[in-house]
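Worksheet: the structure to be examined is printed underneath.
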Amino acid sequence: ICSIMFNEEVLLPLWIEAWSAMPFINKIYIIDGGSTDKSVEIAKKYRIRIMFELADNKQDNIKNIAKILKKVPSLYFLLDIGHTNLQKGPIEFIKKFHKKIKHVHLHDNHGEEDEHLEIEQGNINWSKVIKVLKRYYDGTITLELFLRKYKSESKKKKALLKNKDK
């Protein structure tokens, strides 16, 4: 099972114990959003694997992620194909971090913003990406798609916020 976590120190032990009791669960991963409480320490105490997911910003590039993963050897990598397309591209990320990948998010975009489009609706070369991904990864994958209505509302909100500052 894989779940996102941010400052969950109160509920985290209960959540871990509940999922650990399920006979069909053999691995638990947590994506931490930069918790400032004791969530990460609690997860480590339970021997839960923690993953880093690159965000949709320029700082989460191959060089910086390599530094993070080197500095924290127990940290795994959640490969978000759409987010990698905002950087150098998915294939480079797969090849560089394949030993650390524990989960994958699939969605498309045009390389400019995090659109979460359906596969083949952006500019990602999916045939090449899937070929390389199959070579290096055999694990869980999540399709991460936003509804078009949400996308258009999101663009309207961004425009309103941009104009608000003027």
Side-chain angles (χ1 to χ4, degrees), residues 1-109 113-119 122 124 126 129-130 132-147 150-151 154:
I1 185 161
C2 179
S3 183
I4 297 172
M5 167 182 83
F6 180 75
N7 290 340
E8 299 291 344
E9 71 178 292
V10 174
L11 295 177
L12 188 59
L14 299 170
W15 182 88
I16 292 170
E17 288 173 20
W19 279 108
S20 297
M22 302 290 177
F24 52 88
I25 300 294
N26 61 3
K27 291 181 185 173
I28 298 175
Y29 294 97
I30 292 177
I31 306 162
D32 182 57
S35 293
T36 55
D37 65 358
K38 295 181 181 175
S39 296
V40 173
E41 290 82 12
I42 292 167
K44 286 181 182 177
K45 178 181 148 192
Y46 282 90
R47 295 189 174 146
I48 302 297
R49 295 174 178 167
I50 301 171
M51 292 185 282
F52 175 82
E53 178 182 8
L54 71 151
D56 58 343
N57 61 56
K58 297 295 179 190
Q59 290 76 31
D60 279 357
N61 55 48
I62 287 181
K63 184 179 175 182
N64 289 341
I65 291 172
K67 287 179 186 177
I68 291 167
L69 295 175
K70 184 177 181 180
K71 189 169 184 163
V72 187
S74 63
L75 191 62
Y76 290 98
F77 185 57
L78 187 153
L79 175 70
D80 188 304
I81 299 295
H83 293 175
T84 62
N85 195 47
L86 302 174
Q87 302 288 335
K88 280 191 155 191
I91 293 171
E92 289 82 0
F93 278 85
I94 295 166
K95 288 180 177 179
K96 176 80 175 172
F97 302 118
H98 66 92
K99 292 181 181 176
K100 289 286 201 170
I101 298 171
K102 293 296 175 190
H103 189 67
V104 175
H105 286 172
L106 296 183
H107 57 94
D108 211 337
N109 62 49
E113 64 178 294
D114 190 23
E115 298 169 281
H116 285 258
L117 299 174
E118 298 167 19
I119 305 303
I124 295 173
W126 286 102
V129 169
I130 297 302
V132 174
L133 191 59
K134 282 176 140 181
R135 179 201 267 160
Y136 290 108
Y137 182 72
D138 182 22
T140 58
I141 295 176
T142 300
L143 270 174
E144 235 187 11
L145 308 176
F146 290 168
L147 299 173
Y150 173 83
K151 183 181 145 198
S154 178

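Heavy atoms only: backbone and side chains are in, while hydrogens, waters and symmetry mates are out.
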Give, for atom OG1 of Thr142 and atom NE2 of His107, the distance between the pair rounded to the nearest 0.5 Å. 10.5 Å
Rounded to the nearest 0.5 Å, how far apart are CG of Asp80 and CD of Glu53? 5.0 Å
Would you indicate whether the side-chain heavy atoms of Ile81 and Ile94 approach each other to under 4.5 Å? yes
Is the shortest side-chain heavy-atom distance between Leu78 and Val104 below 4.5 Å? no
Tyr76 to Leu69 - nearest heavy-atom pair and separation: O-CD2, 4.0 Å
Once the angle between the rings of His103 and His105 is folded into 0 to 90°, is it parallel (under 30°), tilted (30 to 60°) or perpendicular (over 60°)? perpendicular
Ile25: which residues meet the side chain to side chain contact (heavy atoms under 4.5 Å, CB included) condition with it, sequence neighbours left out? Ile1, Trp19, Met22, Ile28
Does a side-chain heavy-atom distance below 4.5 Å link Tyr136 with Lys95? yes
Could you report the tightest heavy-atom contact between Ile62 and Lys96, atom names first, then the distance? CG2-CG, 4.1 Å
At what distance, to the nearest 0.5 angstrom, does CZ of Phe97 lie from CG of Leu54? 9.0 Å
Which pairs would a plain distance check flag for residues 2-11, meaning a side-chain donor or acceptor within less than 3.5 Å of a matching protein atom at least two apart in sequence or in another chain?
| unit_1 | atom_1 | unit_2 | atom_2 | d |
| --- | --- | --- | --- | --- |
| Asn7 | OD1 | Thr36 | N | 2.6 |
| Asn7 | OD1 | Thr36 | OG1 | 3.4 |
| Asn7 | OD1 | Asp37 | N | 3.0 |
| Asn7 | ND2 | Thr36 | OG1 | 3.3 |

Given the options Asp138, Ile91, Ile141, Leu133 meets side-chain contact (heavy atoms from CB on, under 4.5 Å) only with Ile141
Looking only at heavy atoms, what is the nearest atom pair of Leu12 and Ser39, with distance? CD2-O, 3.4 Å
Taking all heavy atoms of Tyr29 and all of Lys102, pick out the closest pair and write down the distance. OH-CD, 3.5 Å
With sequence neighbours left out, write down each residue that passes side chain to side chain donor-acceptor pair (under 3.5 Å) with Asn109, or none if nothing qualifies. Asn85
List the atom of Asn64, the atom of Gln59, and the distance in Å for their closest heavy-atom pair. ND2-O, 2.7 Å
Point-to-point distance, once rounded to the nearest 0.5 Å, from CD1 of Ile101 to OG1 of Thr140: 11.0 Å
Full working for side-chain contact (heavy atoms from CB on, under 4.5 Å) between Phe52 and Val72: CA-CA 10 Å; Phe52 175 82; Val72 187; over 6 Å; no
Residue pair Ile50 / Ala43: nearest heavy atoms and the distance that separates them: CD1-CB, 4.0 Å
Would you call the rings of His116 and His83 parallel, tilted or perpendicular if under 30° counts as parallel and over 60° as perpendicular? perpendicular
Here the gap from Lys44 atom NZ to Ile30 atom CD1, rounded to the nearest 0.5 Å, amounts to 12.0 Å
What distance do Thr84 atom OG1 and Ile124 atom CD1 have between them, rounded to the nearest 0.5 Å? 6.0 Å
